[in-house]
Amino acid sequence: MKKRILFIMNPISGTSSKAGVAASIEKYLDKELFDSTLVATEYAGHATELAKRAAADGVDVCVAVGGDGTVNEVARALVHTQTALGIIPCGSGNGLARHLMLPMNIRKSIEIINRCEIKDLDYGIINDRPFFCTCGMGFDAYVSHKFAEAGKRGPITYVQKVLEEGVKYQPETYEIHDENGTATYKAFLVSCANASQYGNNAYIAPQASMSDGLMDVVIMEPFDILEAPQISIDMFNKTLDKSSRIKTFRTKRLHIHRSKPGMIHYDGDPVMTTADVDVVLVEKGFKVVVNPDADKRLRRPNAIQSAAAELFNEINVVRDDLSKQGRHVLALSKVLQRKLNL
């Protein structure tokens, strides 16, 4: 008996045309395995409606054809159902697809779907909003908001917003509570990662797994302008977790309190919410068509990348020590000047 598969295509996601998608599905999809339907979305939230209807109707696979926003819309309708999520990545970042090591090529993506290997994976919820890749607050949520306002998509626009806003953004103070207690951090951003990256191979949580029942919490402490290039390099070299400015831990749930309401993001979509934020990880809550040939070792840094990260981290530690010593000497000098009435 053939499987039923629905392709849900967002015609305006990402930066590339979707003109060839229908023809590729017709040409490369295994007709002996699947009976297929292709539907284009017409408005925000339409993908969720289509996927929810398909799951209720017993469709075997719903394929999101678009970016992370489209993937989120489809996936949120499929949690705790028997309908699996498939992905043909056509967005500007494709964070979840890249974490799953799916091809960025339409034909090869369809070939993965033809093999139809399905696994149960984890997902998260932030203030009642499901996320499948990452969520967070602070600078990444702020940039997501500015990126959404820009209208123009693509990595160049995103980098432009990071550079424009990074010099102006002020870190916030966060009170974070999990099963191990409460701690307070002044941070540039707080990210909760179910998967390893934001997209475009920018790894915010290189060690994150979608099948361990835990999310990786990443706290990026304030840094100076001299450290910014190295932090960016670490993100693309999968070595961010080695930085002295990064604090990480794993948990199933946490509560975050900040001084005032502000932006959060879920899979890159920004939204204003309260000062209190709750994040929870739901274990094995949705089904996904995965790449049987994915090599998880490719998510790890190579020896050269690791060595370079450790070297720069040691340099930053020395800089911090010298800075602290300089402040200490300055303080002693002021004390002596007061004692001597200079």
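Numbering starts at 1 and runs along the sequence shown.
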Check whether [X] reaches the backbone of [Y] with its side chain - one donor and one acceptor, N or O, closer than 3.5 Å.
| X | Y | answer |
| --- | --- | --- |
| Ser109 | Pro103 | yes |
| Asp122 | Lys284 | yes |
| Ser24 | Arg107 | no |
| Asn291 | Leu102 | no |
| Asn200 | Ser92 | yes |
| His177 | His255 | no |
| Asp216 | Ser196 | no |
| Arg4 | Asp57 | yes |
| Asp178 | Leu254 | no |
| Asp241 | Ile246 | no |

Does [X] belong to the same Ile/Leu/Val/Met/Phe/Trp/Tyr cluster as [Y], with side-chain heavy atoms less than 4.5 Å apart forming each link?
| X | Y | answer |
| --- | --- | --- |
| Leu85 | Val39 | yes |
| Met235 | Ile233 | no |
| Met210 | Val280 | yes |
| Phe249 | Leu214 | no |

Side-chain donor/acceptor pairs under 3.5 Å, residues 44-54, sequence neighbours excluded:
unit_1	atom_1	unit_2	atom_2	d
His46	ND1	Glu42	N	2.9
Thr48	OG1	Glu73	O	2.8
Glu49	OE1	Tyr43	OH	2.8

Notebook entry, point to check: Yes or no on side-chain contact (heavy atoms from CB on, under 4.5 Å) for Asp212 and Arg250, after CA distance, side-chain angles and deciding distance?
Noted result: CA-CA 10 Å; Asp212 63 355; Arg250 289 190 173 101; 4.0 Å; yes
Distance from [X] atom [atom1] to [Y] atom [atom2], nearest 0.5 Å?
| X | Y | atom1 | atom2 | answer |
| --- | --- | --- | --- | --- |
| Cys133 | His265 | SG | NE2 | 9.0 Å |
| Leu240 | Arg245 | CG | CZ | 12.5 Å |
| Cys116 | Asp30 | SG | CG | 10.0 Å |
| Asn127 | Cys135 | CG | SG | 9.0 Å |
| Ile126 | Ile256 | CD1 | CD1 | 6.5 Å |
| Lys3 | Ile118 | NZ | CD1 | 6.0 Å |

Can you name the closest pair of heavy atoms from [X] and [Y] and give their distance?
| X | Y | answer |
| --- | --- | --- |
| Ala97 | Pro89 | CB-CB, 3.7 Å |
| Asp68 | Asp267 | CB-O, 4.0 Å |
| Cys90 | Asn94 | N-OD1, 3.5 Å |
| Asn114 | Tyr28 | ND2-O, 3.0 Å |
| Ala205 | Ala193 | CB-CB, 3.5 Å |
| Gln197 | Thr134 | O-CG2, 3.8 Å |

Check: Near Lys186 NZ, under 6.0 Å, is it more than 12 heavy atoms from other residues, nucleotides or ligands?
Finding: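 Open.
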Next item on the list: Would you indicate whether Glu283, at its atom CD, is surrounded by more than 12 heavy atoms from other residues, nucleotides or ligands within a distance under 6.0 Å?
Entry: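 Correct, the count exceeds 12.
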Notebook entry, point to check: Would you call Lys252 and Glu179 a salt bridge, taking side-chain N to carboxylate O under 4.0 Å as the test?
Noted result: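 Result for this pair is no, no salt bridge flagged.
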Is any side-chain heavy atom of [X] less than 4.5 Å from a side-chain heavy atom of [Y]?
| X | Y | result |
| --- | --- | --- |
| Thr248 | Gln207 | no |
| Glu26 | Lys31 | yes |
| Ile88 | Phe7 | yes |
| Asn194 | Met215 | no |
| Tyr123 | Leu78 | no |
| Leu96 | Val288 | no |

Checklist line | Chi angles and distances behind the side-chain contact (heavy atoms from CB on, under 4.5 Å) call for Ile113, Phe34 | finding: CA-CA 10 Å; Ile113 291 167; Phe34 293 111; 4.1 Å; yes
Margin query: For Leu100 and Leu121: C-alpha separation, side-chain torsions, deciding distance, then whether side-chain contact (heavy atoms from CB on, under 4.5 Å) applies.
Written below: CA-CA 11 Å; Leu100 294 170; Leu121 297 180; 3.9 Å; yes
Next item on the list: Apply the test side-chain contact (heavy atoms from CB on, under 4.5 Å) to residues Val282 and Val79: give CA-CA distance (whole Å), side-chain angles for both, the deciding distance (0.1 Å), then the verdict.
Entry: CA-CA 10 Å; Val282 181; Val79 296; over 6 Å; no
Next item on the list: Evaluate side-chain hydrogen bond (donor to acceptor under 3.5 Å, both in side chains) for Tyr198 paired with Asp140, printing each intermediate quantity in order.
Entry: CA-CA 10 Å; Tyr198 287 140; Asp140 58 351; 2.9 Å; yes
Note to self: What verdict does the salt bridge (charged side-chain N to carboxylate O under 4.0 Å, His left out) test give for Arg115 and Glu111, after you've listed the backbone C-alpha separation in whole Å, the side-chain angles of each residue and the deciding distance to 0.1 Å?
What the structure shows: CA-CA 7 Å; Arg115 296 170 72 178; Glu111 290 171 354; over 6 Å; no
